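Keep in mind it's a predicted model, so treat the numbers as computed, not measured. Indexing begins at 1, ligand by ligand and atom by atom, following the structure's order.
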Amino acid sequence: MSSPRVRFAPSPTGPLHMGGVRTALYNYLFARKHQGKFILRIEDTDQQRFVPGAEDYIIEALKWCGISPDEGVGFGDGPYAPYRQSDRKALYHQYAEQLIAGGHAYYAFDAAADLEAQRKSMEASGSAFSYNAASRMSMQNSLSLTAEEVKERMASGAAYVVRLKIPSGETVQLHDLVRGDVVVSTDQLDDKVLFKSDGMPTYHLANVVDDYLMKITHVIRGEEWLPSAPLHVLLYRYLGWEDVMPKFAHLPLLLKPDGNGKLSKRDGDRLGFPVFPLNWTDPFSGEVSSGYRERGYYPDSFLNIIALLGWHPSDDKEIVSLDEMIQEFSLEKVSKSGAKFDPEKTKWIHEQYFRKQPDEVLAASLKSLLSQRFGFAATDKRMADAFLIKAVELLKLRVQFENELIDKGIYLFEAPDTYDEAVLTKKWKPEFAIIFAELALAFSNSSAFNATAAEEIFKSIAAQHNRKPGELLQLLRVLISGQAGGVDLFPMIELLGQQEVADRMNRALSRISSMTIPS
Ligand code: GLU
């Protein structure tokens, strides 16, 4: 294949959905695999749907994922700049005129209210209104009006749009690299607006014109654009560009975990997973939607997750690096059917990346989390590398995300303020206070303190008081960590150190003596 040019062409109408990131990723993989170029084009011709902040969000999301375009908004201009359609506004009108001159488009003057009235009256008679070969002659346009009338309307500054004149009774064929041959009758298409009264092209015209001008060879996009593809084929034909028309590949929908319909933000809210790569604050409502980055996913675990939504490497393995994806990617292997999103598998994939992180790397990020969240000074003994690496060793198998090293392991860094009430209610006896006080003293007096020594001291004191270790073990954990469960107890005691452990136990004992524990 001679070096392809592909593009990701989002409209800045909100945050990028993970389906959008997948489209960007497949474009990127295809470009890299075939030594081509990957372009980011911002399609912002629909000014009514413009959302402030969305463009920056798209750029930041692509940067975070590490799928940087070779040309495009936010990534440095290439030979076909500008790459934002609103900055290309002056360019499109001539193509609308060219289509009119060739008899493939026409001016239409219908007011929004008239179109609405038509729609209503058709609906009342049980059918849907379509602006097409059957209806266009009864509408207000340059085909139904005389040349004189059209001239007058234009001269008086009447608002108009340009519509594509879809022929009746023809078929449009296209070969989609994912879906195979697609054949559509033009009778199913309507005379789409190409150019609007605000002087802006619509998506259809701008998209085709820009793909042509930017020498795009393959259009890889979501399945929701498949119904527009025949219209785009007609535009290429009528503009005389059919010989350089890009190949199409429409990617399958992302489906809800139960397979029932398209994955939406609401599914994420309901089932507790993000659908956006980064946190997004809606500029109108202020509502914050959570993102994979802030949840603690890594760019490479996130890319691995979305890559598998509709594509698999040949050996079906589930952990695939970006380089392997580039090696293996092919559009022919993208599945036709919708890709079910599986939140559990998503976490599992991330977990594999988390587990592969060297302890030193996790310790370093734990260090920065501790300083950010709790302001621990660099000289604090809990910030010492040796301490943090041991903390990571203890916690690593119990968590899946870096931030959980703190969220689920806070007791390694701070003495508890509260003590698990369920355990106290079930197991605490007033006569244990003396045993634990003795144990705290023995811990702090031990001359060679480590996990094994701590365990032996514990067992011997329990035996002296005729108590089975099982009666006291979980209580010991609660006194030290506040929690009913957690990392291995005696290694934790070794890590915290004899004095810290003894202090925590004494503090807990004095708190408990002033508590009323229901029995
Ligand atoms: N602007 C369209 C979108 O928002 C692009 C569709 C295409 O890639 O042609 O998805």
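Nearest to atom 10 (O) of ligand 1 among the protein's heavy atoms is Trp225 NE1, 3.2 Å. In this structure, atom 2 (C) of ligand 1 lies nearest to the protein heavy atom Ala9 O, 3.3 Å. Regarding atom 8 (O) of ligand 1, its nearest protein heavy-atom neighbour is Arg7 NH1, 2.7 Å.
Each of the atoms 1 (N), 2 (C), 3 (C), 4 (O) of ligand 1 lies under 4.0 Å from some heavy atom of Ser11. Residue Asn207 approaches ligand 1 through these ligand atoms, each under 4.0 Å from one of its heavy atoms: 7 (C), 9 (O).
No side-chain donor-acceptor contact under 3.5 Å links Asp210 and Tyr83.
Atom NZ of Lys333 has more than 12 heavy atoms from other residues, nucleotides or ligands within 6.0 Å.
Contacts between Phe8 and ligand 1, counted as non-hydrogen atom pairs separated by less than 4.0 Å, are absent for every part of the residue.
By the 4.0 Å N-to-carboxylate-O rule, Arg84 lies close enough to Glu55 to be salt-bridged with it. A salt bridge is absent between Glu328 and Lys33: the closest approach of a Lys/Arg side-chain nitrogen to an acidic carboxylate oxygen does not fall below 4.0 angstrom.
Proximity of a side-chain donor or acceptor of Lys396 to a complementary backbone N or O of Asp359 within less than 3.5 Å is not detected.
Ligand 1 lies nowhere less than 4.0 angstrom from a heavy atom belonging to Val219. Residue-ligand proximity: Glu224 is placed with every non-hydrogen atom at 4.0 Å or more from ligand 1.
The option with the heavy atom closest to atom 7 (C) of ligand 1, from among Glu43, His250, Arg221, Arg49, is Arg221.
Here the CD1 atom belonging to Ile220 is positioned 11.0 Å from the OH atom belonging to Tyr26, to the nearest 0.5 angstrom.
Classified by interplanar angle (parallel below 30°, tilted 30° to 60°, perpendicular above 60°), the ring pair Tyr95/Trp241 is perpendicular.
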